[in-house]
Amino acid sequence: MGVNLRKINDWTWEIPREADMLVSGRVFSSAALLASIRDDLSLEQVRNVAHLPGIVGHSLAMPDIHQGYGFPIGGVAATREVDGVISPGGVGYDINCGVRLVTMALDERDVSARLDALVGALYAAVPAGVGASSGFRKLGESELRKVVTEGARWPVAHGHGDADDLLHIEEGGCLEGAEPDAVSAQAYARGREQLGSLGSGNHFLEVEVVDEVFRPDVADVLGLRKGGVVFAIHSGSRGLGHQVCTDYLRVMDRAMAKYGITLPDRQLACAPLRSEEGQAYFRAMKAAANFAWANRQTMTGLALGAFERVFGMGRGALGVRLLYDVCHNIAKIEEHVVEGASMRVCVHRKGATRAFPPHHPLTPVAYREVGQPVFIPGDMGRCSYVLVGQPRGMEECFGSSCHGAGRLLSRQAALKAGAGRRLQEELLERGVHVRARGVKTLAEEMPEAYKDVSEVVSVMDALNLTHIVARLRPIACVKG
DNA sequence: ATGTCC
């Protein structure tokens, strides 16, 4: 066992192409971060992904890489649109899991005395937990089919947010080409009561303070000022997206035999992008992605209602502005330069965020001069980061960045380490008001269960793949 | 991540 890892520089490592690999592997990491994954199979997974038909560039991994289903979490793989494959394992079970950040006119001193009330109000406003049901209302299948077609536009049309929000969401909050018929009745059944619900695990609502600004000019453009309060949501497509993934893994398993594709791991199940099966998955994936954007948009409306009630002021007085919303579990057709030639590729980002540079046509107009914003949640006790995309990231990793801290302890190990501890009180002593629906969640998600996110983003910055703009410190947190 | 085992 073991993977042949060759050091290129302090933060770049190569898995040389050998045997049936179509490209080499490339891992952006530090020696210390690599040491934390020595007991999992994520590097083997990077090597396995290099066998995908049509893969170009390298099988890539970000510094927060850890083992996932087939593909590593923190992995990026681009396949040729004309003759490459698409794989549900390269997107993940939580299709369009992502993060959005809302800035406000409030400063820390305006909210510090009311945090207990605020976290309570947020907890009451947004349903959380595994089986959590809708913060909106139960939807009929015909309504749900509109949601998966329209994405974030749907809640905006139904009282949650305004049209300006859509300009500050990746893809405008809606991937074109979603096909409601490609989503199973079972997926709709699971989703009909889940619009506007947080979910569980690492998903959260968080009130944070801008703790440190590293690039003031960029922070100004993004509307971030030291001491300012921001609100973050990390969530995805809930049971609907999970069911889409499950449904199409089965479809892909059959397609592998049909198209004569053999791969080192069955969990990499895939089909040619241009096949019937590949297109069906892609269209269903887009539908689930749109549901996730509608979900985060709905939750934003619900959560801002809580802010309004606690502080007795409206959205205007609160100075609410959606900074941006990014996804980190998705596959998209994009134009990239590969070996000197421009080509259309299907970029799988699993636990990796798009990070387009300044002046890229898909970088939102408001941020065209500074680059696309990226949000990197750390853990609930330490900090999170705001980054922006850089040209080097386009050249090295298809305009992508890391997505988080990455787990250090398994859920089970974290549960054991948290046994007998009063984590809620410990976090309060660190200045974080936490409310969790499940007692187990708090232990599984405790700060010690995660790598140091500062180390992760410093690798990205050192390589100029993305730049660090600001560090955020949590002051209130709602978990599922 | 997830109606955490159809």
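Residue numbering restarts at 1 for every chain, and letters A, B, ... go by the order of the sequence lines.
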Inset, instruction - Check the distance between B/dT2's P and A/Y93's OH and give it to me in whole angstrom. - result: 13 Å
Legend entry - A/H467 (side chain) donor-acceptor with A/V388 (main chain) under 3.5 angstrom: no
Inset, instruction - Could you check how far CD1 of A/I73 sits from C1' of B/dT2, rounded to whole Å? - result: 13 Å
Inset, instruction - Answer yes or no: does a side-chain N or O of A/R411 lie under 4.0 Å from OP1 or OP2 of B/dT4? - result: no
Legend entry - Whole angstrom value for the distance that separates C1' of B/dT2 from CD1 of A/I95: 12 Å
Inset, instruction - Mind calculating the distance between CG (A/D247) and P (B/dT2) to the nearest angstrom? - result: 16 Å
Inset, instruction - For A/G199, report the nucleic acid contact type (base, sugar-phosphate, nothing); a contact means any heavy atom under 4.0 Å. - result: sugar-phosphate
Inset, instruction - Mind calculating the distance between CD (A/Q243) and C1' (B/dT4) to the nearest angstrom? - result: 14 Å
Inset, instruction - Using whole Å, report how far OH of A/Y69 lies from C1' of B/dT4. - result: 16 Å
Inset, instruction - Just call it for A/G201: base, sugar-phosphate, or nothing, with non-hydrogen atoms closer than 4.0 Å on any strand. - result: sugar-phosphate
Legend entry - Length of the NE2-C1' vector between A/H203 and B/dT4, whole Å: 14 Å
Inset, instruction - Just call it for A/S200: base, sugar-phosphate, or nothing, with non-hydrogen atoms closer than 4.0 Å on any strand. - result: sugar-phosphate
Inset, instruction - Kindly state each residue pair satisfying side-chain hydrogen bond (donor to acceptor under 3.5 Å, both in side chains) with at least one member in residues 45-63 of chain A, sequence neighbours excluded. - result: A/S24-A/H58
Inset, instruction - For A/Q194, report the nucleic acid contact type (base, sugar-phosphate, nothing); a contact means any heavy atom under 4.0 Å. - result: sugar-phosphate
Legend entry - Over all atoms of both residues, closest heavy-atom pair of A/V374 and A/S401: CG1-OG, 3.3 Å
Inset, instruction - Classify the nucleic acid contact of A/G236 as base, sugar-phosphate or nothing, counting any heavy atom under 4.0 Å across all strands shown. - result: nothing
Inset, instruction - Using atom CG of A/L240 as one end and atom P of B/dT2 as the other, report the distance to the nearest whole Å. - result: 12 Å
Inset, instruction - Would you please name every residue forming a side chain to side chain contact (heavy atoms under 4.5 Å, CB included) with A/A152, sequence neighbours left out? - result: A/L166, A/I169, A/W293, A/Q297
Legend entry - Heavy-atom donor-acceptor pair, A/T298 side chain to A/P155 backbone, under 3.5 Å: no
